[in-house]
Amino acid sequence: MLDYMPDLDRVFQALADPGRRLMVERLSQGPASVSELGRPLEMSLAAVLQHVQVLEASGLIRSQKAGRTRTCSINPAALRSAEDWIADRRTIVERRLDRLGEYLEQTAGQPDPAWATEPSETTNDHQEQQ
């Protein structure tokens, strides 16, 4: 059973697009208007707005409209949820690697039980079958 939150799915889906990642990077420096976010991207303002809507739906950013200008800002809590999920996975993998390292240190120089069969026994068994 999968036990992760759908909101986390939306965060990763939103971050899957390089243009949206660029927008998030820009917003990590401070608030910006939609036109500012679109400036480095080769797309129409309508396309930029669609990307902004995806980022908003994921919870990564918030926006406010004042007059004709929509200003966006980053939502650190949504980024933190993705960071926490990744950190948890990293911790699990690192613990497993640590246990493997400990096991290898403890068993260094010991013969592997899987290879404990003497070659002569195998040869004798083969000769008896013939």
Side-chain angles (χ1 to χ4, degrees):
M1 183 172 96
L2 300 176
D3 61 351
Y4 53 87
M5 302 178 307
D7 293 339
L8 192 56
D9 289 345
R10 286 185 180 166
V11 168
F12 283 118
Q13 183 180 9
L15 292 173
D17 182 83
R20 290 192 290 263
R21 285 194 308 271
L22 187 62
M23 290 177 187
V24 169
E25 285 179 38
R26 167 54 190 87
L27 290 172
S28 66
Q29 298 169 12
S33 68
V34 172
S35 57
E36 285 179 75
L37 292 175
R39 205 169 285 138
L41 304 170
E42 294 183 20
M43 61 179 71
S44 68
L45 192 56
V48 172
L49 190 55
Q50 285 180 334
H51 284 293
V52 166
Q53 289 170 344
V54 170
L55 290 168
E56 278 187 294
S58 73
L60 283 166
I61 69 169
R62 297 180 184 123
S63 72
Q64 293 178 308
K65 191 167 184 177
R68 294 179 54 184
T69 305
R70 179 171 294 279
T71 302
C72 302
S73 60
I74 198 147
N75 178 9
L79 279 176
R80 200 171 302 112
S81 69
E83 179 183 9
D84 290 347
W85 186 87
I86 291 170
D88 289 347
R89 304 295 83 57
R90 184 185 319 116
T91 299
I92 291 167
V93 170
E94 287 172 351
R95 284 182 186 156
R96 291 180 74 195
L97 290 174
D98 288 345
R99 286 196 314 263
L100 175 60
E102 290 169 6
Y103 173 78
L104 291 174
E105 284 178 13
Q106 292 170 358
T107 59
Q110 296 178 6
D112 186 346
W115 296 98
T117 306
E118 294 290 324
S120 60
E121 291 175 12
T122 305
T123 307
N124 289 340
D125 291 344
H126 180 67
Q127 290 172 352
E128 289 176 8
Q129 291 175 355
Q130 291 178 347

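By convention here, the first residue in the shown sequence is residue 1.
- Contacts classified as side chain to side chain donor-acceptor pair (under 3.5 Å) and involving residues 64-74 (residues at least two apart or in different chains) are given here: Ser63-Arg70.
- For Glu56, there are no salt bridge (Lys or Arg N to Asp or Glu O under 4.0 Å) partners at least two apart in sequence or on another chain.
- The two residues Val11 and Ala82 have their closest heavy-atom pair at CG1-CB, 3.9 Å.
- Ser35 OG to Leu49 CG: the interatomic distance, rounded to the nearest 0.5 Å, is 11.0 Å.
- Scanning for side-chain hydrogen bond (donor to acceptor under 3.5 Å, both in side chains) contacts around Arg80 gives an empty result, with sequence neighbours left out.
- Think of Leu97 as one node in a network of Ile, Leu, Val, Met, Phe, Trp and Tyr side chains linked at under 4.5 Å; its network also takes in Val93.
- Sorted by first then second residue, the ring pair (Phe, Tyr, Trp, His ring centres under 6.0 Å) pairs that include residues 8-29, not counting sequence neighbours, are Phe12-Trp85.
- Atom CG of Leu55 and atom CG of Leu27 lie 8.0 Å apart (nearest 0.5 Å).
- Residue pairs meeting the salt bridge (Lys or Arg N to Asp or Glu O under 4.0 Å) criterion with at least one partner in residues 29-51, sequence neighbours excluded, are Arg26-Glu36.
- Listed by first and then second residue, the side chain to side chain donor-acceptor pair (under 3.5 Å) pairs that reach into residues 43-55 are Arg20-His51, sequence neighbours excluded.
- The nearest pair of heavy atoms linking Asn75 to Gly59 is ND2-O, 2.8 Å.
- Within the structure, no pair that satisfies the ring pair (Phe, Tyr, Trp, His ring centres under 6.0 Å) test touches residues 23-45, not counting sequence neighbours.
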Check your understanding: Does the side chain to side chain contact (heavy atoms under 4.5 Å, CB included) test come out yes or no for Gln13 and Val54, once each step is laid out?
Key -> CA-CA 9 Å; Gln13 183 180 9; Val54 170; 5.9 Å; no
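- Judged as a side chain to side chain contact (heavy atoms under 4.5 Å, CB included), and not counting sequence neighbours, Ala108 has no contacts.
- Among pairs with a residue in residues 26-50, none fulfils ring pair (Phe, Tyr, Trp, His ring centres under 6.0 Å), at least two apart in sequence or across chains.
- Looking at residues two or more places apart in sequence or on another chain, you find a side chain to side chain contact (heavy atoms under 4.5 Å, CB included) between Ile92 and Arg89, Arg96.
- Between Met23 and the choices Leu37, Ile74, Ile61, the side-chain contact (heavy atoms from CB on, under 4.5 Å) rule is met once, by Leu37.
- Note that CG of Leu8 and CG of Asp84 are 9.5 Å apart. Values are rounded to the nearest 0.5 Å.
- Nearest heavy-atom pair across Val52 and Cys72 is CG1-SG, 3.8 Å.
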